[in-house]
Amino acid sequence: MTTTAEQAQQELLEEFELFDNWMDRYQYIIDMGKALPPFAEENKRDELKIQGCQSNVWMRHERQGDLLHFAAVSDAAIVSGLIAVLLRIYNERTPSDILATSPHFLKDLGLDKHLSPTRSNGLNAMLQRIYRVAEQEAA
């Protein structure tokens with residue numbers, strides 16, 4: 001396990017450098033989403049649904065010791081991949097580590113330019129949920 005969210009972000013950026021084009025990057029993101037752990041049907045509740053996503057996204061969290069554990073799922077392949085990217089960076093981290101790590105991977109990978117506006121809005125809504133949970137848990 002990577003020790004910090006920032007290190008996870010750097011590793012992700014290095015992996016994406018291996019791809020020459022965006023079609024390959026999209027496929028890699030989709031494949032990451034296919035590898036997400038199962039998400040229990042009983043967790044697909046309204047209070048866990050992310051508002052602002054075009055597709056359906058549910059995200060839950062729990063504190064395990066000092067670390068925050070997130071789980072999420074979407075009914076869209078690319079969004080599931082974006083969830084996997086976020087979880088790779090922010091899952092199993094302390095609230096302070098999450099809050100100290102800005103999501104520069106969005107710009108560094110070019111996701112800010114290569115996602116549709118609705119996908120970008122959904123990604124930002126998921127990020128906001130992660131940061132809001134970290135703020136609440138840090139308090």
Side-chain angles (χ1 to χ4, degrees):
M1 178 94 188
T2 309
T3 52
T4 69
E6 184 56 44
Q7 288 170 321
Q9 202 165 190
Q10 290 303 326
E11 288 174 9
L12 188 74
L13 292 170
E14 289 169 17
E15 282 176 30
F16 273 81
E17 286 175 10
L18 301 173
F19 301 106
D20 295 332
N21 61 61
W22 264 96
M23 289 310 297
D24 291 341
R25 286 181 173 193
Y26 280 130
Q27 188 57 53
Y28 186 63
I29 290 170
I30 289 168
D31 290 344
M32 287 175 69
K34 289 178 182 174
L36 282 172
F39 192 85
E41 283 297 317
E42 64 264 17
N43 288 321
K44 292 182 179 179
R45 303 187 309 263
D46 285 344
E47 66 268 19
L48 297 178
K49 196 167 186 179
I50 303 274
Q51 301 305 316
C53 292
Q54 180 181 21
S55 51
N56 290 310
V57 176
W58 294 270
M59 182 182 287
R60 61 180 294 278
H61 73 278
E62 62 185 14
R63 189 163 190 150
Q64 297 174 342
D66 291 338
L67 305 179
L68 291 176
H69 173 77
F70 292 91
V73 70
S74 173
D75 57 4
I78 190 74
V79 178
S80 290
L82 295 173
I83 289 168
V85 168
L86 291 177
L87 294 184
R88 174 126 169 237
I89 296 169
Y90 297 106
N91 193 30
E92 304 294 332
R93 310 277 179 221
T94 63
S96 59
D97 187 19
I98 292 169
L99 295 171
T101 307
S102 70
H104 62 79
F105 72 93
L106 297 172
K107 190 171 197 284
D108 295 347
L109 287 179
L111 282 173
D112 57 338
K113 294 185 181 109
H114 287 90
L115 290 177
S116 69
T118 54
R119 295 280 186 246
S120 289
N121 288 343
L123 180 59
N124 285 321
M126 290 185 283
L127 262 171
Q128 287 172 6
R129 170 79 63 90
I130 290 169
Y131 282 116
R132 192 167 57 248
V133 166
E135 286 169 357
Q136 292 166 350
E137 292 291 337

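Numbers here simply count residues along the sequence, with the first being 1. The shown structure was predicted, so the numbers you read here are calculated from the model rather than taken from an experiment.
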State, with a plain yes or no, whether a side-chain heavy atom of Val73 is found less than 4.5 Å away from one of Lys44. yes
Are Leu111 and Ile130 in one and the same hydrophobic cluster, where Ile, Leu, Val, Met, Phe, Trp and Tyr link if side-chain heavy atoms are under 4.5 Å apart? yes
Does Arg132 come within less than 4.0 Å of Glu135, counting only side-chain N to carboxylate O? no
Are the side chains of Thr94 and Leu68 in touch, meaning some heavy atoms are under 4.5 Å apart? no
Side-chain contact, heavy-atom cut-off 4.5 Å: Arg119 with Ser55? yes
Check whether any side-chain N or O of Tyr90 sits under 3.5 Å from a backbone N or O of Thr101 as a donor-acceptor pair, and report yes or no. yes
Using a 4.5 Å cut-off on heavy atoms from C-beta on, say whether the side chain of Ile83 contacts that of Trp58. no
Check Glu137 against Pro95 and note the closest heavy-atom contact, atom names and distance. CB-CG, 3.8 Å
If only atom types and distance count, is the side chain of Asp97 paired as donor or acceptor with the main-chain N or O of Ala5 below 3.5 Å? yes
On the 0 to 90° scale, with breaks at 30° and 60°, tag the His61-Phe70 ring pair as parallel, tilted or perpendicular. tilted
As an exercise, state the distance from CD of Glu92 to CG of Asp66, rounded to the nearest 0.5 Å. 12.0 Å
What one should report as the nearest heavy-atom pair of Ser102 and Tyr131 is CA-OH, 3.7 Å
Spatial distance of atom OG (Ser120) from atom NE2 (His114) [nearest 0.5 Å]: 11.5 Å
Using the rule that Ile, Leu, Val, Met, Phe, Trp and Tyr join whenever any side-chain heavy atoms are under 4.5 Å apart, tell me whether Leu48 and Leu127 fall into a single cluster. no
Classify the side-chain pair Asp31/Gln27 by whether it contains a donor and acceptor separated by less than 3.5 Å. yes
Determine, using the 4.5 Å side-chain heavy-atom cutoff (strictly less than), whether Leu123 and Phe16 are members of one ILVMFWY cluster. yes
How long is the gap from CD1 on Ile89 to CD on Gln9, to the nearest 0.5 Å? 4.5 Å
Is the gap between the ring centers of Tyr28 and Phe19 under 6.0 Å? yes
Looking only at heavy atoms, the pair that brings Glu47 and Arg129 closest together is O-NH2, 4.2 Å
Has Asp46 got more than 12 heavy atoms of other residues, nucleotides or ligands less than 6.0 Å from its CG? no
State, without any angle test, whether Glu11 and Gln7 hold a side-chain donor-acceptor pair at a distance under 3.5 Å. no
Could you go step by step and tell me if Glu6 and Gln10 meet the side chain to side chain donor-acceptor pair (under 3.5 Å) rule? CA-CA 6 Å; Glu6 184 56 44; Gln10 290 303 326; 3.0 Å; yes
Which pair of heavy atoms, one from Phe39 and one from Arg60, lies closest together, and at what distance? CE1-CG, 3.8 Å
Does any N or O in the side chain of Arg25 come within less than 3.5 Å of the main-chain N or O of Leu109, such that one atom is a donor and the other an acceptor? yes
When hydrophobic residues are tied together by side-chain contacts of less than 4.5 Å, even through go-betweens, does Leu99 share a cluster with Leu67? no
Steps toward side-chain contact (heavy atoms from CB on, under 4.5 Å) verdict (His69, Asn91): CA-CA 5 Å; His69 173 77; Asn91 193 30; 3.6 Å; yes
Would you check if Arg88 and Val85 make a side-chain contact, meaning some heavy-atom pair closer than 4.5 Å? no
Going by heavy atoms in the side chains, are Gln54 and Val79 under 4.5 Å from each other? no
Do Leu115 and Leu106 touch side chain to side chain, with heavy atoms closer than 4.5 Å? no
At what distance, to the nearest 0.5 angstrom, does CD1 of Ile78 lie from CD1 of Ile29? 5.0 Å
Close side-chain approach of Ile98 and Val133, heavy atoms under 4.5 Å: no
